[in-house]
Amino acid sequence: MASFALQSLFTIEYKVKPLNFDGIVEFISIHEGKVENYSNPNDPRVAGERIVHLKQEFCGIEDNISYILSSAVHSGLEVCTAVAHKINPVSVNEEEWVEETFVKK
């Protein structure tokens with residue numbers, strides 16, 4: 001889901017429906033600041049060498065929010081990205097899945 005007011009703001013929502021699985025489900029989130037353009041020396045359609053346009057200036061975590069501050073190599077313009085997670089756990093011990101909603105047995 002994206003924001004119309006802040007075009008750079010978006011969310012990702014996951015829902016898990018166990019069909020034939022009773023193990024632990026784990027989501028792994030990575031906030032990566034290493035940005036580079038795709039390159040392939042064997043493909044004449046794209047650059048043959050790896051060019052890095054952003055340099056990481058600062059990485060940190062505060063109040064469970066990760067931040068990466070980067071600057072453009074040539075212009076010095078800065079961009080900051082932030083990632084936060086909100087988890088709404090659902091106990092499935094006494095519940096069953098019925099048409100995309102949880103109901104008590």
Side-chain angles (χ1 to χ4, degrees):
M1 180 179 353
S3 168
F4 288 114
L6 297 169
Q7 293 182 0
S8 61
L9 178 65
F10 65 94
T11 63
I12 300 173
E13 182 177 339
Y14 293 98
K15 292 183 181 180
V16 177
K17 179 179 179 179
L19 299 176
N20 58 358
F21 178 75
D22 63 358
I24 296 173
V25 176
E26 182 179 25
F27 290 92
I28 299 173
S29 175
I30 298 173
H31 187 189
E32 178 66 61
K34 182 181 175 185
V35 178
E36 58 187 47
N37 290 350
Y38 174 75
S39 62
N40 183 344
N42 300 317
D43 188 344
R45 299 171 298 164
V46 297
E49 60 199 45
R50 187 179 312 175
I51 300 173
V52 177
H53 294 285
L54 289 177
K55 178 177 68 170
Q56 291 183 36
E57 301 292 345
F58 171 79
C59 298
I61 297 176
E62 186 176 320
D63 296 327
N64 291 324
I65 300 172
S66 64
Y67 299 92
I68 298 176
L69 176 66
S70 301
S71 65
V73 173
H74 297 293
S75 69
L77 292 173
E78 293 181 327
V79 62
C80 183
T81 59
V83 174
H85 298 93
K86 179 180 177 184
I87 299 174
N88 297 321
V90 176
S91 173
V92 292
N93 294 339
E94 298 180 3
E95 300 172 346
E96 67 180 9
W97 188 271
V98 177
E99 296 182 15
E100 300 184 355
T101 58
F102 284 97
V103 295
K104 292 282 184 188
K105 283 186 175 179

Student: Grab the two heavy atoms, one from Lys34 and one from Gln56, that are nearest each other, plus how far apart they are.
Tutor: N-NE2, 3.3 Å
Student: Work out which heavy atom in Ser71 is nearest to a heavy atom in Gly76; give both atom names and the distance.
Tutor: CB-O, 4.2 Å
Student: Please check if Leu77 and Val35 belong to a single hydrophobic cluster, counting links between Ile, Leu, Val, Met, Phe, Trp and Tyr side chain heavy atoms closer than 4.5 Å.
Tutor: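 No, separate clusters.
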Student: Give the cluster check for Tyr14 versus Val25: same hydrophobic cluster or not, with ILVMFWY residues linked at side-chain heavy-atom distances below 4.5 Å.
Tutor: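 Yes, Tyr14 and Val25 fall within the same hydrophobic cluster.
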Student: Could you pull out all residues at least two apart from Glu78 that satisfy salt bridge (charged side-chain N to carboxylate O under 4.0 Å, His left out)?
Tutor: none
Student: Could you list the donor-acceptor pairs under 3.5 angstrom formed by side chains in residues 63-70, with sequence neighbours left out?
Tutor:
unit_1 : atom_1 : unit_2 : atom_2 : d
Ser66  : OG     : His31  : ND1    : 2.7

Student: Do Val16 and Phe21 share a hydrophobic cluster, counting only Ile, Leu, Val, Met, Phe, Trp and Tyr and linking them when any side-chain heavy atoms are less than 4.5 Å apart?
Tutor: yes
Student: Look at atom CZ of Phe27 and say whether more than 12 heavy atoms of other residues, nucleotides or ligands are closer to it than 6.0 Å.
Tutor: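 Count over threshold, so yes.
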Student: Is there a continuous path of hydrophobic side-chain contacts, each under 4.5 Å between heavy atoms, that joins Val79 to Ile51?
Tutor: no
Student: When rounded to the nearest 0.5 angstrom, what distance separates NE2 in His85 from CD1 in Ile12?
Tutor: 8.5 Å
